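Presented below is the structure to which this report refers.
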Amino acid sequence: MSGLVRIEIRETTEELKTLMRKEKDVLRHEKLQVLYWLKTQTVDSVLSAAVRRTGNIVPQYKDGCLVIARGE
């Protein structure tokens, strides 16, 4: 299937939690958080994680396609 991404996360959930607590850089913390969500199956895809991570989005449809636009 084209477009399918397979990610193997080797760290345990506890290791990811510990790394998140120690991380001071915001971008790195967010990346670890997405890995944690994927590992714990809080989200089922990277796209779901991106949508969940961005709290102020407004889903819209344009020409029958989903367009993610930032809310104002």
Side-chain angles (χ1 to χ4, degrees):
M1 175 185 265
S2 68
L4 184 62
V5 177
R6 182 159 176 85
I7 298 173
E8 179 184 339
I9 303 169
R10 294 184 180 148
E11 294 81 6
T12 66
T13 55
E14 291 304 316
E15 289 172 325
L16 290 169
K17 275 185 182 179
T18 302
L19 290 169
M20 277 193 299
R21 274 190 239 115
K22 291 179 180 178
E23 189 56 61
K24 302 292 185 218
D25 182 65
V26 175
L27 284 177
R28 288 182 182 156
H29 183 273
E30 287 180 348
K31 290 176 183 180
L32 288 166
Q33 188 171 37
V34 169
L35 289 174
Y36 178 79
W37 286 341
L38 290 167
K39 183 75 171 190
T40 59
Q41 297 179 343
T42 302
V43 294
D44 58 354
S45 70
V46 175
L47 178 59
S48 296
V51 170
R52 179 180 175 139
R53 180 184 154 274
T54 310
N56 62 343
I57 61 159
V58 179
Q60 299 173 347
Y61 290 90
K62 182 177 181 180
D63 299 325
C65 296
L66 177 64
V67 177
I68 308 288
R70 292 198 177 274
E72 295 184 12

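Below, all heavy atoms of this structure are taken into account, side chains as well, without hydrogens, waters or symmetry copies. Quantities reported herein were computed from a predicted structural model and do not represent experimental measurements.
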To the nearest 0.5 Å, what is the distance between [atom1] on [X] and [atom2] on [Y]?
X     : Y     : atom1 : atom2 : answer
Leu19 : Lys31 : CG    : NZ    : 14.0 Å
Leu35 : Thr40 : CG    : OG1   : 10.5 Å
Lys22 : Leu32 : NZ    : CG    : 12.0 Å
Tyr36 : Thr12 : OH    : OG1   : 10.0 Å

For a quick test of reading the model, state the closest non-hydrogen atom pair linking [X] to [Y] and the distance between them.
X     : Y     : value
Ile9  : Leu16 : CG2-CD1, 4.1 Å
His29 : Glu23 : N-CG, 3.6 Å
Arg10 : Glu15 : O-OE1, 4.4 Å

Salt bridge (Lys or Arg N to Asp or Glu O under 4.0 Å) against Arg21, all qualifying residues, sequence neighbours excluded:
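Salt bridge (Lys or Arg N to Asp or Glu O under 4.0 Å) list for Arg21, sorted by chain: empty.
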